[in-house]
Amino acid sequence: MAVMIAQRRAAAATAAAPKRGARLVARVAQPLAQPGSSGMQTAADASMLARAGLPPTTTPFDDFQFANIREAEVSRAMTRRYFKDLDDFAESDVVIVGAGSAGLACAYELGKVAPHLKVALMEQSVAPGGGAWLGGQLFSAMVVRKPAHLMLDELEVPYEDEGHYVVVRHAALLTSTLMSKVLKNPNVKLFNAVAVEDLIVKPDALSGGRRVAGVVTNWSLVAQAHGTQSCMDPNVIEAGVVVSACGHDGPFGATSVKRLARLGMVPGGEVPGMGALDMEAAEGAIVGGTREVVPGMVLAGMELAEVDGSPRMGPTFGAMIVSGRRAAHVALAVLEKRKKMAAKAAADGAEATAAAAAL
Ligand SMILES: Cc1cc2nc3c(=O)[nH]c(=O)nc-3n(C[C@H](O)[C@H](O)[C@H](O)COP(=O)(O)OP(=O)(O)OC[C@H]3O[C@@H](n4cnc5c(N)ncnc54)[C@H](O)[C@@H]3O)c2cc1C
């Protein structure tokens, strides 16, 4: 009996004593402000301030109250819009592959000169912006050679003028400003975390050859996991013209030119890869080379250096900006050309050709 009493007392003592973790929680939790109190103020702070004759700390959010919401509303608000976008953009005027500096500059220019066009901007990463969040290595400043800086003036991005070039204090300032401008256009849809895995290629009734007619897409996570699944079919977007700005070669980079090469569609047959660094020559080569490389596909930015073998330039971004902007005008010219050729074919009585060209 004495043993049982001793055991019960020991158990009661153990139950009464706060557990080690609980004591820790109590110590940490105690000084935190209670809901409804001033966000920065604990009870101890309040009494200390009162003793010192000081007013309590307040913030503009002390009485903040959220409107009610149901979880299903949140889900529907997102999914309804996304699936409508998938429906709307299944046939786009322009698909831009890659939302790095060149792709974003292209979308910006299209929004400026042809805001009515439906533009699907495909980005395999969750975060658009490509290599333009930083300058070289992990440095912050972004160098833009004049006169590419004129877009910075349009965007009202401040910079330090160094005479023949300008420096944006942090690359992220330009990239985020450009991105916000692009995304405000309701006719541009950014599909991020979506990879372009392949191209739609069709016989080209007008040229008699083949043309790029859109892109094959997949969630990036699925694209990265193809080796682990037996069947993960992709989605597709048809386009009047595709602008590819996938950047230099890498796990996802230069996707379009590598695919064109495997399809035997690259003029010259192979993708030599970018040449050695020469800043002076590289930027002009990228801007000058921005073109429709095969019917239906315009190349911009560093992806172009992969197919042309032109020099890499390192961390100077003027060429990406101007190449992207130029690509927008080349894309518009491609759309216009196809429209005119289709109209001519129709006038000549070649209905089937006209119908194919109009797609
Ligand atoms: C660390 C670093 C290294 C650099 N190295 C070089 C260099 O070697 N040579 C050089 O000239 N400049 C280099 N630069 C400068 C600069 O990054 C590039 O010149 C510039 O980023 C290229 O711009 P871009 O728009 O052509 O491509 P990127 O900025 O690379 O943008 C391409 C975008 O396309 C996306 N993408 C790629 N494939 C797919 C796909 N299949 N589907 C959907 N999206 C896709 C990428 O995620 C990326 O967002 C470097 C910069 C940094 C910060």
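Whatever order the structure lists ligands and atoms in, that order sets their numbers, starting from 1.
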the protein heavy atom lying closest to atom 53 (C) of ligand 1 turns out to be Gly135 O, 3.0 Å
Which of the numbered atoms in ligand 1 are below 4.0 angstrom from a heavy atom of Met274?
-> 8 (O)
Please identify which atoms of ligand 1 are closer than 4.0 Å to at least one heavy atom of Gly247.
-> 26 (O), 27 (O), 30 (O), 32 (C)
Here the atoms of ligand 1 under 4.0 Å from any heavy atom belonging to Val194 are 43 (C)
Nearest heavy atom to atom 40 (C) of ligand 1, choosing from Thr316, Asp249, Ile286, Thr255, belongs to Thr255
Near Ala195 (heavy-atom distance under 4.0 Å), the atoms of ligand 1 are 42 (N)
Tell me: protein heavy atom nearest atom 28 (P) of ligand 1, and distance?
-> Gly131 N, 3.9 Å
closest protein heavy atom to atom 49 (O) of ligand 1 is Glu123 OE1, 2.6 Å
Which of Val307, Leu299, Leu199 passes side chain to side chain contact (heavy atoms under 4.5 Å, CB included) with Leu260? It is Leu199
If you measure from the Lys or Arg side-chain nitrogens to the Asp or Glu carboxylate oxygens, is any gap between Lys337 and Glu292 under 4.0 Å?
-> yes
Nearest non-hydrogen protein atom, atom 36 (N) of ligand 1 = Gln124 CG, 3.7 Å
When hydrophobic residues are tied together by side-chain contacts of less than 4.5 Å, even through go-betweens, does Val194 share a cluster with Met232?
-> yes
Answer yes if Met313 and Val287 sit in the same cluster of Ile, Leu, Val, Met, Phe, Trp and Tyr residues linked by side chain heavy atoms under 4.5 Å apart, and no otherwise.
-> no
Expected output: side-chain Glu123 to main-chain Pro128 donor-acceptor under 3.5 Å | no
Which protein heavy atom lies closest to atom 4 (C) of ligand 1, and at what distance to 0.1 Å?
-> His248 NE2, 4.2 Å
List every atom of ligand 1 that sits less than 4.0 Å from any heavy atom of Gly130, numbering the atoms from 1 in the order shown and giving each element.
-> 29 (O), 31 (O), 48 (C), 49 (O)
Mind checking whether Met313 has an N or O less than 3.5 Å away from an N or O of ligand 1?
-> yes
For ligand 1, is there an N or O atom under 3.5 Å from any N or O atom of Ser101?
-> yes
Residues two or more places apart in sequence or in another chain: which of them pass side chain to side chain contact (heavy atoms under 4.5 Å, CB included) with Asp308?
-> Arg291, Leu304, Ser310
Only one of Val236, Val196, Ile200 clears side chain to side chain contact (heavy atoms under 4.5 Å, CB included) with Val215; which?
-> Val196
If you measure from each non-hydrogen atom of Leu277 to ligand 1, which part falls under 4.0 Å: side chain, backbone, both or neither?
-> neither
Phe317, portion touching ligand 1 at heavy-atom distance under 4.0 Å = side chain
Please could you name the atoms of ligand 1 that Gly301 approaches to less than 4.0 Å, counting only its heavy atoms?
-> 26 (O)
Would one find more than 12 heavy atoms of other residues, nucleotides or ligands at under 6.0 Å from atom NZ of Lys181?
-> no
Applying a 4.0 Å heavy-atom criterion (strictly less than), which segment of Met320 is in contact with ligand 1: side chain, backbone, both, or neither?
-> side chain
Under a single-linkage rule joining Ile, Leu, Val, Met, Phe, Trp and Tyr whose side-chain heavy atoms are separated by less than 4.5 Å, which residues share a cluster with Val143?
-> Tyr165, Val167
Would you kindly specify which portion of Ala245 sits under 4.0 Å from ligand 1, judged on non-hydrogen atoms: side chain, backbone, both or neither?
-> backbone
Any N/O pair Pro315/ligand 1 closer than 3.5 Å | no
Answer yes or no: is there a donor N or O on one side and an acceptor on the other, between the side chain of Lys258 and the main chain of Gly253, under 3.5 Å?
-> yes
For residues Thr316 and Glu283, is any side-chain donor paired with an opposing acceptor at under 3.5 Å?
-> yes
Going by atom types alone, do His329 and Glu109 pair a side-chain donor with an acceptor below 3.5 Å?
-> yes
Looking only at protein heavy atoms, what sits closest to atom 42 (N) of ligand 1 is Val196 N, 2.9 Å
Can you pull out the closest protein heavy atom to atom 18 (C) of ligand 1? Residue, atom name and distance to 0.1 Å, please.
-> Met302 CG, 4.0 Å
Other residues, nucleotides, ligands: >12 heavy atoms within 6.0 Å of Glu73 CD = yes
Any side-chain donor paired with an acceptor under 3.5 Å for Asp153 and Tyr159?
-> yes
Short list, please: which atoms of ligand 1 are under 4.0 Å from a heavy atom of Met122?
-> 43 (C), 44 (N)
Among all protein heavy atoms, pick out the one at the shortest distance from atom 31 (O) of ligand 1; state its residue, atom name and that distance to 0.1 Å.
-> Gly100 CA, 3.3 Å
